[in-house]
Amino acid sequence: MKNLSNYSLKQHNTFGIDAKCAQFVEYSTEAEAVEVAELLRSARIPYIIIGGGSNLLLTRDYEGIVVHSTCKGISRTGNRLVCGSGEVFDDVVAQSISMGLYGAENLSLIPGDVGASAVQNIGAYGAEAKDLIRSIRAVEIATGNVCVIENAECEYGYRQSKFKHEWKNRYLILSVEYEFSATFEPRLDYGNIRAELEKQGISEPTAQQLRDTIISIREAKLPDPKVLGNAGSFFMNPIVAREKYNELAALYEGMPHYDIDADNVKIPAGWMIDQCGWKGKSLGRAGVHDKQALVLVNRGGATGQEIVALCQQIQTDVKAKFGVDIYPEVNVI
Ligand code: EPU
């Protein structure tokens, strides 16, 4: 178990913000996670559990304990892979394809760790982690007991799960079991996937070709955090009542949207932010990415507060123009 004091989290958040924590602990095995649970129970100071830091905005030094998993390993049984919570999620996607296990192609290149995939229900191009997750193995902090949590218990929704609410800070995730399909059933009818494949003269892609295409679409729109600090989508796409959607659609012809059900419609926050004129603009050292307005970036040396100030200004402007509230997808500390 790694246990450090007064530790900089710069390498642990993709915004690249240089905030410190009073204590930083890392577990790499089940036994170490049980030890960390004990430490958290006895220390009686606040703690947070982080993953790859790709959904984290640090606005201050943290006076408590930051917990991080480095549990590794990917093991296969039939169509299932049990993956250590500290594995990079995209490595699991790459390995699954090379093993002839399908279903994760559209989730290629999403930043973050395996553990976070189960907490955040990461998603892209019509696919979500919850469709692959079968169960989660974790240590319950209050008791030190190892337990297995089934998918159905997690109450998964769009970028939501019980781990973010009732179960916040309750478990140290050890591994996630994903179930794949042995047959490749490509999902191409989302965004510009089909158009991008057609550009390459491909109508029936292999899983690897689909993965490569998703990667190139993402690379064209989303900045590389190693070059320009960011946390992917900063806001969640709001879901509005159909009446509200009809009202807006009458004003904005061709407004992009996704039907959720008979009563609800999802509107891309990136489109609304773009319409407000924010794309490519900055407030202090925080900015809005010039290729995708849903992504806030650290233009260099920005503090977490500068990013929050930009976030709040955008929320105000979107509310004023569209009458819609938008909320961060990232966890603000
Ligand atoms: N749009 C604009 N201007 C912009 C951005 C978007 O007009 O600056 C329009 C696009 O033209 C499109 C629509 O808004 O018509 C939606 O944009 P896009 O397809 O890029 O997807 P998104 O809704 O902005 C979501 C996910 C992404 C995921 C993509 C692809 C959320 C919060 N974000 O973004 O996830 O990659 O779909 O499926 O649901 C992430 O979570 O970090 C992430 C990148």
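In this chain, numbering begins with 1 at the start of the sequence shown. Order of listing sets the numbers, starting from 1, for every ligand and every atom in it.
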Under 30°, 30 to 60°, or over 60°: which ring-plane class applies to His12 and Tyr7, parallel, tilted or perpendicular? tilted
For a 4.5 angstrom cut-off between non-hydrogen side-chain atoms, does [X] reach [Y]?
X: Asn13; Y: Ile50; value: no
X: Glu140; Y: Tyr171; value: yes
X: Val308; Y: Thr303; value: no
X: Glu150; Y: Val148; value: yes

Within-cutoff protein neighbour (heavy atom, under 4.0 Å) for [atom]:
atom: atom 29 (C) of ligand 1; answer: no
atom: atom 7 (O) of ligand 1; answer: yes
atom: atom 16 (C) of ligand 1; answer: yes
atom: atom 11 (O) of ligand 1; answer: no

Can a non-hydrogen atom of [X] be found less than 4.0 Å from any atom of ligand 1?
X: Tyr258; value: yes
X: His289; value: no
X: Arg218; value: yes
X: Lys291; value: no

Atom 41 (O) of ligand 1: which of Lys266, Met236, His257, Arg159 has the nearest heavy atom? Arg159
Relative to the heavy atoms of [X], which atoms of ligand 1 are at a distance of less than 4.0 Å?
X: Leu294; answer: 24 (O), 32 (C), 33 (N), 34 (O)
X: Lys279; answer: 3 (N), 4 (C), 8 (O)
X: Glu329; answer: 32 (C), 41 (O)

Carboxylate-amine/guanidinium contact Arg80 Glu179, below 4.0 Å: yes
Inspect the contact between Asp18 and Lys10 and indicate whether a charged nitrogen and a carboxylate oxygen are less than 4.0 angstrom apart. no
Nearest protein heavy atom to atom 44 (C) of ligand 1, by residue and atom, and its distance? Ser233 OG, 3.2 Å
Within the side chain of Lys164, is there an N or O that forms a donor-acceptor pair under 3.5 Å with the backbone of Arg159? yes
